[in-house]
Structures are given as structure tokens and as C-alpha cells.
Peer 1: 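Can you keep this structure in mind? I'll have questions shortly.
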Amino acid sequence: MRKIREILRLVWSCNQSRRDTSRTCGVGKSTVDDTINRAVAAGFSWPLPADLDDEALELRLYPPVVNPASRKLPQPDWRALHDELVKHKKLTLMLLWQEYKEGEPSGYQYSQFCELYRQWRKKLDRSMRQEHRAGEKFFVDYSGQTVPVVDATTGEVRDAQMFVGVMGGSNQTYADATWTQSLADWTGSHVRAFGFMDAVPHCIVPDNLLSAVTKTCRYEPDINPTYAALADHYGTAIVPARVRHPKDKAKVEGGVLIAQRFILAGLRNRTFFSLAEANAAIRERLLLLNNRPFRKLPGCRQSRFEEIDLPAMLPLPETPYEYAQWKKARVHIDYHVELEGHFYSVPHRLVKEQVDVRYTETIVECFYKGNRVASHPKSSVQGKHTTTPEHMPKAHREFAEWTPERIISWAAQTGTATAQVVETILSRKAYPEHGFRSCMGIISLAKRYTKERLEAACERAVTIKGVTYRSIKSILENNLDQKALPKQMELLPVAHENIRGTDYYNDERKLYADTTDHREAELDETDSHG
């Protein structure tokens, strides 16, 4: 359903052709056509209603239908229809089909009409010259030639990658250096390029590198979710070049060659000791390149950009895109998902469901069927949990709220002896949490008996040193709490001739000490004479 929303956004909001939309979303053009037709038939327009979730949208677009019986019908004049499409750029198959149905009411339905036309068109061999409309396409790629940067401390040389972007209408060029071609550097270069132009193109045409396309396919490439999120943030579209079709990105191929010859070759005798220093030098050469006059046309890249592309481009959003990554995660039985060794909670009803996790340097968001269900600050602590109480079942939430201090305070509401019993049980455990169950059991006895009886039973338990749940329960069951407390018996000394008493042992210890001192003195005297 996320692709259906993206198809509707690109066609209705970004004014993309259905073919470009099919490449961007990684689906067939017939799927795009069918989706648009169903949305029109359902009475939708962009933006979609805010309260329309994915399930309701799917039900509206794909209601149960009965397939009509197959039949043989006269074929339309495909050559004439094709010539009409080539002659009139704004003409669509939908309009041609509507005109066809007016003359042949019992003819093919729209999906079959489009399928038959595509089958006929496969037999054609046409080479079309690309036309670049103002502000429409921004072609991007990496240069094969790198920028050497020297470590001032070790003298080690590290090669930086050079990103190049070219506007289709004016040939306005952007370039910068990054350490890698990773997703973070790839999206960062796009953000800086849009800031450099102070506007956003209607669509981006990248090559099929991994940072742009997760599934390299000649017909149905899958756009990287993070890259797609960048396009959504700026309101633009991504139309990858076809595999082994360099004409699809001829602009950037030429732009890369020019950047290598004018920028990198012009900096060949300079030594850079940091990436920032290299980018500052690249920016100087880039400004010279964009302001260099054309040989065969009036003006330069910058003037053509300001005249042609800039007025037709999209405005920049209020805030630049923040780099984010996506991953799919299965919700564990403890209603948490794992990300980089840390665990984040989601609503417990999603246990064992698969969610999409979007994470930046500061935040982690979880999405289920396109709806955000959880958001947490990102943590780098390994093996720990970040849990929102609202995500927990009621029983888990109530248990998690208990602490030793709270249990003791709750027991004190019954009485001093009850609080003393609870505190004693908790202090005997290596971990106080291990005594929670016993303490809660003792406190729950007040529901079956009264608080007064429980307090009396606890007082008796403290006296007889029977501070356990079983002991206190037994006292209450046998009504011992209603009897007087046992008195402590005073032990009197016993006089008997066979009982030596403490004085005897004190005299023995004294005699032993005197004997030991005498022997040590004799040994010392012997050694002195020896």
C-alpha cells in the first residue's frame, strides 16, 4: 500500500509520467495505469483524505469484481493511435481509450486496451531524442576519478570520491568530495546540491548504484527507502536510469567528463590535507565552470540556470533533510524491536508483526502499514531496553511501577509491623525484586482478613522470627493473631559443680598466656648465652 500512495503522489502531485513513475516505484507501467484508473473511479484526488488508512484505501481501490468472459473484438488502428501519441506530447492512453469506447461501446476495457497497445509497440524499433524541460531533471553520478587527500600527521594518502550533478535544461553543474559512496554521503551530497542551487528539481535521475537502488533490475528497480524518504521530503521524484542505457543519463556522463577535465585537472598540482580544504578548492573551480561563457550559445551555465531552470523548479523546504536509514524488524514477544544492539518498545498488540524502522542519529521511529506507532530517542547502549509505559500490557505496566520503596510505603499503610516484615524480606534478597512476590502476597492478605489482623499477625511473626509469607498466612488461618504474644523467658544462671562458668575459661587463658611468655623468655636467654 505504500507503493500505491507513492504512485498517486508522483503522478498527481509531482506531475510525473506514468512510465517514469513505474521505474521509480519498481512496478510495471500497467500497474501504475491500473492504480490511477481505480483511484479516479473511486473519486480520489491528491492529497488523499487524512483519515484514510491503508486497509480502507485498498478496499476502495480493489473491490471484489467478476471477470467478464473472453471474447474476440476488432483490433483498433494501433498505428494511428501511436502516431497521435508521438505527435501530441500531452496526449494519454486514457483519452485515446475513451475516444475508442465512444466509437466502440462494446470494445476492450482500458487495461486490455493498454496491454494490446504495448504488445504492438514492442515490434517497433525507435530511437527517441531526449528533450529536457526547464527545471525537470537533475542527473547525478560519481566520478571515476578521485581526489587525493594527504594525512598531515602520517603522510598517508586517502582517495575521496567526487559527486557530480547536472541540470538537464541549463547544464548547471554541482560537485563535491566525500570519503565514500555510502548512503549517508550520497544523500548528504544531494542536500548540499539543492542548497547550492537554492531550489529542487522535479525529478532526480541517478545511476543504479547501491545507495540509490537496492534491487538492480533492468525493468523494476527498487529505490532505497532512505533515498525515497529524501525525495519525499523535498517533494521530488526519483527515476533511475535503465541498466546499460547510458543515453538515459548522457547529461551527467558529459558533466563528469567536464568536471574531471576542468575541476580535477585544474587542481592536479595542489595538495590537500583535509576534505574541507579539497571541497573549498572544488567550489572555487565549480563557480568558474558555471560562469564560463558557452562557445556556441549566448550566456553561461549560471545565467541559463537562472533564466530557464530556476523559475520552474520547486522551492526548498523550511528544513533540510536529516539523513535516516530504514530496516525491517520483527516485533519480539516482549514487544520490542532490536536496532544496533538496543531494544525499543512498540505497542504490545504488534507482537510477531513486521514493522519498518526509520532511524537517524537522534531518533528511532517504527511504522506499521504506513502509520507511525512508536518514537524513541536513539540510544547507543548495548543490550538495554527503551520502553514506553503506554506500549506495555496493563499487568506488565502495573508490575513495572513497583519499587522497594513503594512496596514498603504501601505496607506502612497497614501498620508498622507490616512495613517491618516487608523491609526484612526485601533486605534478605540479593536483589530486592526477588522478594516482590512474597511482599505483595503478604499485603494481599489484608483483602481476605482485615488490616488490623494482618498487622497483629506481622507483629507476632516479628516476635517469633517467622518473617515469611507462609508463616504469616498460617498465623491468620489459625487465628493466632488474636492470642496474646508469647513472652520472652528470662534465662537464670545455673549453679552446679560440673559447670565451670566463664571465670574458669578466663583463668585457663591467663595461665596459658603466662606459660607461653615464660617459655619465650627462657628461649631468648638460651640464645643469648649460646
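Below, all heavy atoms of this structure are taken into account, side chains as well, without hydrogens, waters or symmetry copies.
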Peer 1: Can you confirm if the NZ or CZ of R285 lies within 45° of the ring axis of F262 and under 6.0 Å from the centre of its six-membered ring?
Peer 2: yes
Peer 1: Can a side-chain donor-acceptor contact be found between S30 and D33 if the only test is distance below 3.5 angstrom?
Peer 2: no
Peer 1: Which heavy-atom pair separates L314 from H202 by the least distance, and what is that distance?
Peer 2: CD2-CE1, 3.6 Å
Peer 1: Can you check whether E156's main-chain N or O pairs, donor with acceptor, with D151's side chain at less than 3.5 Å?
Peer 2: no
Peer 1: For F113, which of W120, W78, Y108 qualifies under ring-ring contact (aromatic ring centres under 6.0 Å, His included)?
Peer 2: W78
Peer 1: Can you classify the ring geometry of Y110 versus W97 as parallel (below 30°), tilted (30 to 60°) or perpendicular (above 60°)?
Peer 2: perpendicular
Peer 1: List the steps and the verdict of side-chain hydrogen bond (donor to acceptor under 3.5 Å, both in side chains) for H342 and T386.
Peer 2: CA-CA 8 Å; H342 194 85; T386 297; 2.7 Å; yes
Peer 1: Should the ring pair Y142 and F163 be called parallel, tilted or perpendicular, given that the plane angle runs from 0 to 90° and is split at 30 and 60?
Peer 2: perpendicular
Peer 1: Among Y321, Y323, Y227, W179, which residue satisfies the ring-ring contact (aromatic ring centres under 6.0 Å, His included) criterion with W186?
Peer 2: Y227
Peer 1: Please say whether more than 12 non-hydrogen atoms of neighbouring residues, nucleotides or ligands are located less than 6.0 Å from CZ in R261.
Peer 2: no
Peer 1: With side chain to side chain donor-acceptor pair (under 3.5 Å) as the test, pick out the partner of Q172 among R301, R304, E306, Q302.
Peer 2: Q302
Peer 1: Please check if atom CD in Q119 has more than 12 non-hydrogen atoms from other residues, nucleotides or ligands closer than 6.0 Å.
Peer 2: yes
Peer 1: If the plane angle is over 60° it's perpendicular, under 30° parallel, otherwise tilted; pick one for H348 and Y335.
Peer 2: perpendicular
Peer 1: Check the pair R19, V32 against side chain to side chain contact (heavy atoms under 4.5 Å, CB included), reporting the backbone distance first and the verdict last.
Peer 2: CA-CA 8 Å; R19 183 168 301 283; V32 176; over 6 Å; no
Peer 1: Could you tell me whether the side chain of S303 and the main chain of G299 form a donor-acceptor pair under 3.5 Å?
Peer 2: no
Peer 1: Any donor and acceptor pair, going by atom type alone, linking the side chain of T236 with main-chain N or O of C203 inside 3.5 Å?
Peer 2: yes
Peer 1: Answer yes if the side chains of T387 and H336 hold a donor-acceptor pair under 3.5 Å, and no otherwise.
Peer 2: yes
Peer 1: For side-chain hydrogen bond (donor to acceptor under 3.5 Å, both in side chains), just list the numbers for D176 and S189, CA-CA rounded to whole Å, side-chain angles, deciding distance to a tenth of an Å, and then say yes or no.
Peer 2: CA-CA 7 Å; D176 69 6; S189 293; 3.2 Å; yes
Peer 1: State whether a side-chain donor-acceptor pair under 3.5 Å links Q325 with T226.
Peer 2: no
Peer 1: Could you tell me how the ring of F194 sits relative to the ring of H190: parallel (under 30°), tilted (30 to 60°) or perpendicular (over 60°)?
Peer 2: perpendicular
Peer 1: Does either side chain, that of D309 or that of S170, offer a donor lying less than 3.5 Å from an acceptor on the other one?
Peer 2: yes
Peer 1: By the definition side-chain contact (heavy atoms from CB on, under 4.5 Å), identify the one residue from I204, T21, L10, D20 that meets it with V239.
Peer 2: D20
Peer 1: One thing to verify: whether R330 and E353 come together as a salt bridge, which I'm taking to mean a side-chain N less than 4.0 angstrom from a carboxylate O.
Peer 2: no
Peer 1: Any side-chain heavy-atom pair from V355 and F367 closer than 4.5 angstrom?
Peer 2: no
Peer 1: Would you mind checking if R9 and D232 are paired as a salt bridge, meaning a charged N to carboxylate O distance below 4.0 Å?
Peer 2: yes
Peer 1: Return the orientation label for the H391 and H376 ring planes: parallel under 30°, perpendicular over 60°, tilted otherwise.
Peer 2: perpendicular
Peer 1: Could you walk me through whether K378 and T360 pass the side chain to side chain contact (heavy atoms under 4.5 Å, CB included) check?
Peer 2: CA-CA 8 Å; K378 193 169 187 296; T360 67; 6.0 Å; no
Peer 1: Can we say K328 and D356 salt-bridge, meaning some charged N sits less than 4.0 Å from an Asp/Glu carboxylate O?
Peer 2: yes
